[in-house]
Amino acid sequence: MRIRLDPWPVDTFEGQLTLKPFAGLVFDVETDVWQAVPTQGIPAALREVVVVDGKPRMEARLLIDDEAGELHLAAFGAYVVGAVSLCPHGSRQAELQQVRARRVLAYSADTPLEPARLSPRNPQSGVLDYEPHAFNGRQVEGPRAKVQRLMLDAEQALSQELASAMALEEGDTDTLPETLVLQDGPVRLGRGGSAVVGYVKTLHTDYLGADRIGLLSELKCGERTPILRFRVGDRGGHFSEAEGREQRFTWYVRLCEPPFYQHPLAGIMRLEMHAPEDSTFVPRAVQAVANLSGALLQKLGSKLHKDPRAPQNLIPTAALEHAMTRSMGSAELVTRRIRSHIAAAYGAGVLA
Amino acid sequence: MVLGTEDVTPTIFWFAVGRGASVQLDDLVTVQTARPDGKVVHFYGLVDNVRKRHEGVTFESDVEDVVAGVLPASISYAARVLVTRVDPEHFIPPQPGDEVRHAQGDDLKMALSADKMKEAAFPAGLLADGQTLPLNFRFVNGEQGGHINISGISGVATKTSYALFLLHSIFRSGVMDRVAQSSGGQMTGTAGGRAIIFNVKGEDLLFLDQPNSKVTAREAQAAQDKGLTADRYTLMGLPRTPFTDTQFLAPPRAGSVSGAIVPHTDQRSQGVTPFLFTLRDFCAGRMLPYVFSDAGSSLNIGYVIGNIEEKLARLAQVQSGAGAHLLVTDWKPEENADIPEDIDFGDLEGIRINSFEQLIAYLEFKLLDENDGQGDRKWVLNQSQGTLRAFTRRLRGVQKHLSPLIRGDVSEAEASRYRPNLLRGAQLSVVDIHNLSGPAQMFVVGVLLREVFEHKERFGRQDTVFVVLDELNKYAPRDEGSPIKDILLEIAERGRSLGIILIGAQQTASEVERRIVSNAAIRVVGRLDLAEAERPEYRFLPQSFRARAGILQPGTMLVSQPDVPNPVLVNYPFPAWATRKDEVDDLGGREVQEVGEEWLR
């Protein structure tokens, strides 16, 4: 028996490694030989890498009495998405792009509500504009889920907008997009065909099985596994209509050697891209992205003394998260503004 | 825009410098802010600190990631402003986010309070951006304040150069006429100001009336380096000419064989007038105390000096006939221990004292030898032999230094020709004392300053007299008393109302009598030793300026004046007058060929 550390701090939601077996089927598409593929460096054709991330925040829970005396749930929330644009060859400075907070008044669809505009207190301290969004049902987690949903949609829209188009047909010769988007988490349901790579920092699902997972421990820095394909939501042949058509390519990359006190999968990250339906081949573009992913992620991986979730939490992401938190403003001040807004609206003294 | 992450106060605030803009130390800026009632308040200030940093990064090593293009970060460029003026005087802080602009034109005048100075403004140098710094003449000429004090390390601080530049600016900018005119005749005559400069170092100041051969090239270079539109004299509206209306005084050379009186200068022989004091002037003018620069050290000696001074003055009163010598009747050589060889018995009535040495011998006789070693009772006044001997010993000690200066062997005509004439001669008098030994320097400075002071006491403040004196710490040290220190204190404290303005300079203000430094309305600091800059005498400099005083280059000074609460950094032009013999422009600024043709014609 041996004790090893999970790399991530205990106050994060989950550990980096849980490894529940994937219930569905996983296909070899690149090769039948299960062995490490060395990194091939970043080709000059790739001009730009964009790292996209998002962040939701709940700012105040609201309870609304209607005339009939019934209680409804609503919430003031905010979300922000943004991107860091950088040159993979280091020829220019990395830049933050489109980091902008949006404020949401999430309410149950059966509650009538008007948009709320919170008045500014000073000429130079800005306006808080809450845009109303209804959610269906009256469940307790409704407002939070709505904000999260809006954020994911915005994140996907931003990724699609920034990424180059990518050919996924078998005969296509275009091998590499000009702009590659790295998006936090798995790729979202919806359109494929653009150069968006989802990077999954945690290893919660084991797509490999006991006979293959040993390769992950043997990967050297920058090396990857062969590309695999699976179907989203495959639970051993049973899946919903919406999810069932979504297929993904996935592969694993090692970013750095694990320290001796951590488990051997500590520097491993799983990447994901959209796959054409029922394809038995790997499009050349996907393979090119997989080939450069080792070199790219090694470059972007963070250091343990600077980021507790190193190396998976990429350097640009950490900076982006910081910028996103800032763009939403101080939560304490926003709450205070909400209180004084309510005080002003209902005639009582200022509560803040 | 004014930053909100640092405290914004009515006196200090930070602002962010916009992309593409550049701000340097000493730039003057203006901000306007609106009060809740709609009234606008303007702030004018001076940038005293600028900084850049990476914003949004946590670790210092992140700079590598930023440069590698992996980590997004912006560069924050911010500057700190010391507010020099708030108009109208509502001391509210500006609002974070208020726009900060570079002060130019009228804003600049407001920032430096030039609008208050009006006709009394005269140029004191150029600001970092090439605009002129006005100085208020009313704080120089004694009307509202007076005196200028300049501190700085010797050599790099170029204190004398700046003092000369200020004199040039005062004399040639027309400010004296303007001020005289506007005061409605009360001050008429101020325009005819005079200056006295004591040259204590080399023969640097003996060529002030000669054009400098390097000035054209140096000014062209400076204009190019600083991106100025014209040379610095033109920008300030000053003529680029040497001093006119000058006289140069130098002590006579000691021990000249023929007895001829020639100035003791090495590099310049033409146009330098020797100066000396006659024995009669010495006695009548009560100059004896200035022979003893450390008279304060012993009460008894001071008493003897006072007594002898009085006796000599009486002696001068009873002299009859023309000449510089003294005639005494009560000197009995047979009683003198060692009588000078060249003594002139003259007439039967007495003995002629023709030299300082003989005067000392006479005093020795009166104090020690007469009456079988008892001395003349009226002269001795119960003082102990020890004290009297100490007195004569000291006189003997300085005899060598003062003999060439105090003479009894010149005719009445020579005496009046060589008597230093500082207030009726030229506008600018340079008194060269660098060749004199320490005691002689002290003597000359003390005697001449007292003469000026007494003259002004009689005739009032018309004709402002500027006295330029370097090494104040030698003449007015903080801890010791001396007759010269007394006269300098008189000038510092009362001279302002009499129209004597002291332009004093020293390496270390901390070693100069506090009352002299604190009486100066305008204070200037050049390069300072950093330890010196932390002394209380420099508290008028904000901390950031004290740190900068250690890195100032020649030609750059920090100027503090009462109208502007913060000091301002200026640079001043290369002298248009020669400061060394090799700088003298023999051609008067013309081409060689041109001068040659003139000779041939």
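Reminder, nothing fancy here: chain letters follow the sequence lines and each chain counts from 1.
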Legend entry - Polar side-chain atom of B/Gln561 near backbone of B/Pro134 as donor-acceptor pair, under 3.5 Å: yes

Inset, instruction - Have a look at B/Leu126 and tell me which of B/Leu228, B/Leu133, B/Leu569 forms a side-chain contact (heavy atoms from CB on, under 4.5 Å) with it. - result: B/Leu228

Inset, instruction - Below 4.5 Å from any heavy atom of chain B, which atoms of A/Glu95 appear? Answer side chain, backbone, both or neither. - result: backbone

Inset, instruction - Tell me, for B/Ser61 versus chain A, whether the close heavy atoms (under 4.5 Å) come from the side chain, the backbone, both or neither. - result: both

Inset, instruction - Sort out for me which residue in B/Val81, B/Asp107, B/Val83 forms a side-chain contact (heavy atoms from CB on, under 4.5 Å) with B/Val29. - result: B/Val81

Legend entry - Ion pair check, B/Glu64 and A/Lys306, cut-off under 4.0 Å: no

Inset, instruction - Decide, yes or no, whether a salt bridge links A/Glu59 with A/Arg337 under the criterion of side-chain N to carboxylate O below 4.0 Å. - result: no

Inset, instruction - Output yes when B/Lys109 and B/Asp115 qualify as a salt bridge under the 4.0 Å nitrogen-oxygen rule, no when they do not. - result: no

Inset, instruction - Drop me the distance from B/Phe59's CZ to B/Asp65's CG, to the nearest 0.5 angstrom. - result: 11.0 Å

Inset, instruction - Give, as side chain, backbone, both or neither, the part of B/Ala73 having an atom under 4.5 angstrom from any heavy atom of chain A. - result: backbone

Inset, instruction - Indicate the ring-plane relationship of B/Tyr44 and B/His42, choosing parallel, tilted or perpendicular according to the 30° and 60° boundaries. - result: parallel

Legend entry - Close contacts, residues 312-331 of chain A versus chain B, judged by heavy atoms under 4.5 Å: A/Ile315, A/Pro316, A/Ala319, A/His322

Inset, instruction - Please determine, among B/Val66, B/Val70, B/Asp62, the option with the most heavy-atom pairs under 4.5 Å with chain A. - result: B/Val70

